[in-house]
2 protein chains.
Amino acid sequence: MTDRLSRVFAALADPTRRDMVARLTEADSTVNDLAAPYDVSLQAISKHLKVLEDAGLVSRSREAQRRPVHLEAEVFDLMTKWIERHRQRAEERFSRLDDVVAQMNEDGTTAPATRTPQEGTAS
Amino acid sequence: MTDRLSRVFAALADPTRRDMVARLTEADSTVNDLAAPYDVSLQAISKHLKVLEDAGLVSRSREAQRRPVHLEAEVFDLMTKWIERHRQRAEERFSRLDDVVAQMNEDGTTAPATRTPQEGTAS
DNA sequence: CTGCTTGTCAACCATTGGGTTGAACAAGGG
DNA sequence: CCCTTGTTCAACCCAATGGTTGACAAGCAG
């Protein structure tokens, strides 16, 4: 099986699952209630829940015939940590680059283009 | 076509791609150099890069025959924003729950239901 | 017991995803 | 001008994913 972080990212790579997670931040829910807004079968939602559960994003208990779904919000930390760690490294590097540029400007060397903004194509 | 956020999450759901991103935080790189550590064909890496590019996580320019790959770190914000928004909502809810429990313990009432939350919906 | 509600399991199908190999293209450097 | 380097395109394979339908387990309500 793939590692935890991969499963979490993969789980959130689906809009329906992200929406389910979003709704679960408001309240625990049963499978039926969760499924209501979407135009797919209950079984499909059940599968989505399995994905979320395997990723550790939700847990399910038992309550009569119902299986309340509960969000495990701590898992967010796993992603945040990864992202922030790398964002930080990237930013450190940029500031290092800025230093180089500043240095060159001081020396009176030919001013190179500063960091190109160059936004990706709109999608 | 899936939405941007989905593509970003999907792109990072693969360990090889995450590792490439990690290495790109240190320095821009050519496809060949990027591919070196992995035990797959160059074409496979090229595909991975396409995924990262479609997600807006990297951009490629041209430099002689080389195609330097550059990390677009701002995209991290997209994820961070989504994650933090929902983490926060979940936490607010937890503290609200704590309030309810505290309330019940104080005056022994049943189901207070003060403070109807009803936040704006978002995906 | 019967029957409705809630949810899962199993089998199946179409699409996507990650990998391969082989050929092609782009841009210098002899 | 051809050759080498760097990278991508195209066709193909196989496993995984997201969806379907049909059957069935588990509880509560009659």
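Being a predicted model, the structure only gives us computed values, none of them experimental. Letters A, B, ... mirror the listed sequences (proteins, then strands); counts begin at 1.
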TODO: Show your reasoning for whether salt bridge (Lys or Arg N to Asp or Glu O under 4.0 Å) applies to B:Arg93 and A:Glu26.
DONE: CA-CA 6 Å; B:Arg93 179 184 152 220; A:Glu26 299 289 2; over 6 Å; no

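Look at B:Ser41 and you won't find any side-chain N or O under 4.0 angstrom from OP1 or OP2 of C:dG19. Residue B:His48 places at least one side-chain N or O closer than 4.0 Å to OP1 or OP2 of C:dG19.
Of the charged side-chain nitrogens involved, at least one lies within less than 4.0 Å of a carboxylate oxygen, so that B:Asp3 and A:Arg18 count as a salt-bridged pair. Ion pairing of A:Arg87 with A:Glu84 is present here, as a side-chain N (NZ or NE/NH1/NH2) and a carboxylate O approach within less than 4.0 Å. A salt bridge is absent between B:Arg66 and B:Asp33; no separation between the charged side-chain nitrogens and carboxylate oxygens falls under 4.0 Å.
By the criterion of side-chain heavy atoms lying less than 4.5 angstrom apart, applied directly or through intervening Ile, Leu, Val, Met, Phe, Trp or Tyr residues, B:Val51 is not grouped with B:Leu49; the two fall into different hydrophobic clusters.
In plain terms, the two heavy atoms of B:Ala22 and A:His86 that are nearest each other are CB-NE2, 3.4 Å.
B:Leu12 has its CG atom 16 Å from the C1' atom of C:dG17, to the nearest Å.
Toward the 5′ end of DNA chain D lies the nearest nucleotide of A:Val40, the other residue of the pair A:Val40 and A:Ala64 mapping further downstream.
Taking a heavy-atom distance under 4.0 Å as the criterion, the stretch of DNA chain D touched by chain A extends 5' to 3' from D:dG18 to D:dC28.
Tested against A:Glu53, the residues A:Arg17, A:Arg60, A:Arg7 include a single salt bridge (Lys or Arg N to Asp or Glu O under 4.0 Å) partner, A:Arg60.
Legend: residues meeting side chain to side chain donor-acceptor pair (under 3.5 Å) with A:Asp54, ordered by chain and number and at least two apart, are A:Lys50.
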- [ ] Spell out protein contact along nucleotides 1-12 of chain C as letters: B when the base is contacted, S when just the sugar-phosphate is, - when no protein heavy atom is under 4.0 Å; keep the 5' to 3' order.
- [x] -----SBBB-B-

